[in-house]
Structure formats: structure tokens, C-alpha cells
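Here's the structure we're looking at; comments come further down.
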Amino acid sequence: MTKQRINGQSFDMDLGETAVHVQKFTLDITDNTTAAKRNGRPDGWLQGDVAASGEMTIDRDGMRELTSAAKSAGSWQQLPTFDINSFAKAGDDEFKVEAFGCKIKLNKLLDVDKNSTDETLFSVPFEVTSPDFVSIDGVPYLTPLEN
């Protein structure tokens with residue numbers, strides 16, 4: 001018996017309180033955990049620093065939503081951080097990834113090709129800034145801090 005699998009069409013995205021249609025979405029985690037060495041040989045491991053960032057590709061409607069939020073905040077730089085909730089469901093399979101405290105930082109605002117008949121899309125990079133970091137299917141990526 002075959003079952004339905006998750007693909008890009010299975011995903012819905014919420015940016016804070018706003019549902020935004022994204023054409024493409026990436027989230028990358030950098031974990032600098034490394035092997036410890038003694039006398040030039042592996043001997044255990046060392047906890048490294050972490051970072052997460054990504055990029056979403058949105059259409060003009062999505063850009064209008066973000067522009068409206070930036071206008072309400074006073075500027076793009078004043079746009080508050082928000083949590084990104086991505087959720088996919090296909091048949092009986094579900095997958096959820098949350099990124100907390102995401103901060104937008106625009107860099108490549110336009111990429112226009114006058115010979116293209118494709119819809120204009122906008123790339124919006126972001127950085128994860130919250131100590132809650134990233135959660136995968138409800139499981140935090142990071143080990144809780146000990147006080």
C-alpha cells in the first residue's frame with residue numbers, strides 16, 4: 001500500500017500572526033559542535049555555538065503584507081521579530097518546524113529580468129534571534145541552558 005508523502009505543496013507558513021504564501025522557504029542551522037582532540041586524535045566532543053538563518057521567496061501579495069507590517073512599525077528596521085511556524089500534512093504524516101524570534105534583513109530587493117514572463121518574486125532573508133531557537137516536531141534543537 002502506498003501513502004501520500006510530504007512535498008513543498010504540503011506546507012503552510014505563519015509569520016507571527018500572519019499567514020503568508022511563500023514560493024520557497026529555507027531554514028539553515030549552523031552548529032559548530034566539533035570533535036575534541038588529544039595528541040592529534042579524536043577524544044570526545046566540544047559543544048559549539050549555533051546560529052540559524054534562512055530566506056523566504058514571496059510574491060507581491062506577500063510583500064504587501066510585510067510592507068504593511070513595516071509601515072505600522074515605523075520602518076523596515078523597526079519591524080519586530082516574529083516566530084515562523086511551518087507545518088505540513090500529507091495523509092497521516094505531519095511535519096512541523098518552528099523558528100523563534102526571526103528578524104528580517106533585506107538585501108536583494110529586486111532581481112528583474114525584462115525578458116521574463118514569470119511573476120516577480122522577492123527574496124527576504126532572516127536571522128533567528130531567540131534563545132528558543134528552532135523546534136522540530138515540538139522537540140527543541142538546543143539543549144536547555146543550566147543556570
Side-chain angles (χ1 to χ4, degrees), residues 1-59 61-63 65-67 69-70 72-113 116 118-147:
M1 179 169 132
T2 61
K3 70 179 197 170
Q4 183 178 0
R5 305 284 181 173
I6 291 174
N7 66 8
Q9 295 177 3
S10 307
F11 279 88
D12 290 318
M13 308 293 291
D14 291 326
L15 308 181
E17 302 295 320
T18 305
V20 174
H21 176 73
V22 296
Q23 297 287 329
K24 186 174 179 183
F25 179 83
T26 61
L27 175 63
D28 300 312
I29 294 175
T30 301
D31 185 337
N32 289 315
T33 297
T34 188
K37 293 185 179 180
R38 182 160 296 159
N39 296 325
R41 297 177 183 220
D43 184 15
W45 58 278
L46 301 167
Q47 185 76 45
D49 62 330
V50 296
S53 63
E55 187 169 283
M56 50 192 146
T57 304
I58 57 176
D59 61 13
D61 291 337
M63 192 63 169
E65 290 284 334
L66 288 178
T67 301
S72 293
S75 73
W76 281 93
Q77 285 188 324
Q78 290 173 296
L79 192 62
T81 62
F82 54 89
D83 298 339
I84 296 176
N85 178 7
S86 59
F87 178 78
K89 182 170 175 60
D92 61 352
D93 194 10
E94 295 180 358
F95 183 60
K96 182 177 183 179
V97 175
E98 297 166 288
F100 301 101
C102 297
K103 180 70 174 162
I104 286 178
K105 53 180 200 172
L106 299 179
N107 62 4
K108 187 178 176 183
L109 187 56
L110 287 175
D111 185 7
V112 177
D113 179 355
S116 174
D118 294 336
E119 179 180 16
T120 299
L121 299 174
F122 302 90
S123 295
V124 181
F126 62 90
E127 297 278 336
V128 175
T129 67
S130 171
D132 293 331
F133 200 56
V134 173
S135 175
I136 305 161
D137 278 336
V139 179
Y141 184 83
L142 296 179
T143 303
L145 291 175
E146 296 179 14
N147 292 331

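In this text, all values refer to a predicted model and were calculated from it rather than measured experimentally. Index from 1, following the sequence.
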Salt bridge (charged side-chain N to carboxylate O under 4.0 Å, His left out) partners of residues 90-102, not counting sequence neighbours, each pair once: Lys89-Glu94, Lys96-Glu98

For Trp76 and Thr67, the nearest pair of non-hydrogen atoms, with its separation, is CZ2-OG1, 3.4 Å

Would you check, one step at a time, whether the test side-chain contact (heavy atoms from CB on, under 4.5 Å) holds for Val134 with Val97? CA-CA 7 Å; Val134 173; Val97 175; 4.3 Å; yes

At their closest point, which heavy atom of Pro125 faces which heavy atom of Asn107, and how far apart are they? CG-OD1, 3.6 Å

Quick check for you: to the nearest 0.5 Å, what is the distance between Met63 atom CE and Leu106 atom CG? 5.5 Å

When rounded to the nearest 0.5 angstrom, what distance separates OG in Ser53 from CG in Leu27? 7.5 Å

Parallel, tilted or perpendicular: which fits the ring planes of Phe126 and Phe25, with parallel below 30° and perpendicular above 60°? parallel

In chain order, what residues pass the side-chain hydrogen bond (donor to acceptor under 3.5 Å, both in side chains) check against Lys105, with sequence neighbours excluded? Glu127

Looking at CE of Met56 and CG of Leu66, how far apart are the two atoms once the value is rounded to the nearest 0.5 Å? 6.0 Å

List the atom pairs, with distances to 0.1 Å, where a side-chain N or O of residues 33-52 and a protein N or O form a donor-acceptor pair under 3.5 Å, not counting sequence neighbours.
residue : atom : partner : partner atom : Å
Thr33   : OG1  : Asp31   : OD1          : 2.6
Thr33   : OG1  : Gly48   : N            : 3.4
Arg38   : NH1  : Asp43   : OD2          : 3.3
Asp49   : OD1  : Asn32   : ND2          : 2.8

With a 4.5 Å heavy-atom cut-off, do Thr129 and Phe100 have their side chains touching? no

Interatomic spacing from CG in Leu110 to CZ in Phe122 - rounded to 0.5 Å: 6.0 Å

Tightest non-hydrogen contact, residues Asp83 and Gly101, listed as OD1-N, 2.9 Å

State, to 0.1 Å, how close Gln78 and Gly74 come at their nearest heavy-atom pair, and which atoms those are. OE1-C, 3.1 Å

Considering all heavy atoms, the nearest Val128-Cys102 contact: CG2-SG, 4.1 Å

Restricting to non-hydrogen atoms, name the atom on Lys103 and the atom on Gln77 that form the minimum distance, rounded to 0.1 Å. NZ-O, 2.8 Å

Side chains of Phe133 and Ile29: does their closest heavy-atom pair fall under 4.5 Å? yes

